[in-house]
Amino acid sequence: MSLKAWLSPKISWAIVSPERRDRARAEAEAARRRAGRPHTVFYFHQADDPYSMLAAERLQRFCDRYAVRLVPFLADPPPDWAAPERVRLQAWSRRDAAMLAQAWGLPSPP
């Protein structure tokens with residue numbers, strides 16, 4: 001076995017290991033606290049997406065419950081290569097979002 005073949009998995013694991021991830025998260029949390037910054041959630045909203053409409057109905061409640069700062073962004077629909085059957089995707093999204101809204105007691109997205 002070559003040195004590269006032996007070392008590559010070990011180096012990859014060191015980069016993506018849960019221990020490293022947890023340590024990086026703890027360091028970031030400590031830095032956030034020292035700076036006095038609130039937790040921040042970046043929210044990407046697609047105006048014509050039924051799931052985004054449902055999420056928007058709950059954003060204030062979410063922010064209040066978790067005491068986070070919300071930073072919203074408007075998102076474009078996915079490109080055609082990422083949604084090859086766009087008409088079917090939109091139909092299923094509307095159906096699925098309507099069922100979720102009913103289950104959560106929210107108004108159904110248009």
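Looking at heavy atoms from C-beta onward, Y66 lies out of side-chain contact with V41 at the 4.5 angstrom threshold. Under the 4.5 Å side-chain criterion, counting only non-hydrogen atoms from C-beta, W13 is not in contact with S8. A 4.5 Å side-chain heavy-atom check between D48 and P77 finds at least one atom pair inside the cut-off. For the pair R58/L106, a side-chain contact is recorded, criterion being any heavy-atom separation below 4.5 Å from C-beta on. Between R69 and V71, some side-chain heavy-atom pair lies under the 4.5 Å cut-off. The shortest distance between side-chain heavy atoms of Y51 and Q46 does not fall below 4.5 Å.
Note that the CG atom of L100 and the CG atom of D96 stand 5.0 Å from one another [nearest 0.5 Å]. In this structure, D76 CG and D49 CG are separated by 12.5 Å, a value rounded to the nearest 0.5 Å. Atom-to-atom distance recorded for R88:CZ and S93:OG is 12.0 Å, nearest 0.5 angstrom.
A salt bridge does not link R23 with E19: every distance from a Lys NZ or Arg NE/NH1/NH2 to an Asp or Glu carboxylate oxygen is 4.0 Å or more.
The minimum heavy-atom distance linking F44 with A75 is given by the pair CB-CB, 4.3 Å. Across every non-hydrogen atom of A56 and H45, the tightest pair is CB-CE1, 4.0 Å. Listed here is the closest heavy atom pair of S52 and Y43: O-OH, 3.1 Å. When all heavy atoms of W81 and P84 are compared, the closest pair comes out as O-CD, 4.0 Å. The two residues L54 and P107 have their closest heavy-atom pair at CD2-O, 4.3 Å. The nearest pair of heavy atoms linking F42 to T40 is CZ-CG2, 4.0 Å.
Transitive grouping of hydrophobic side chains (ILVMFWY, heavy atoms separated by less than 4.5 Å) keeps W92 and L89 in distinct clusters.
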Intermediate values then yes/no, salt bridge (charged side-chain N to carboxylate O under 4.0 Å, His left out), E29 and R33: CA-CA 6 Å; E29 177 64 10; R33 286 182 184 198; 3.0 Å; yes
Verdict with supporting geometry, H39 and R32, side-chain contact (heavy atoms from CB on, under 4.5 Å): CA-CA 8 Å; H39 285 104; R32 183 196 65 77; 3.2 Å; yes
Trace of the side-chain contact (heavy atoms from CB on, under 4.5 Å) decision for E57 with W104: CA-CA 11 Å; E57 289 282 336; W104 293 341; over 6 Å; no
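Few gaps surround CZ on R86; more than 12 heavy atoms of other groups in view lie less than 6.0 Å from it.
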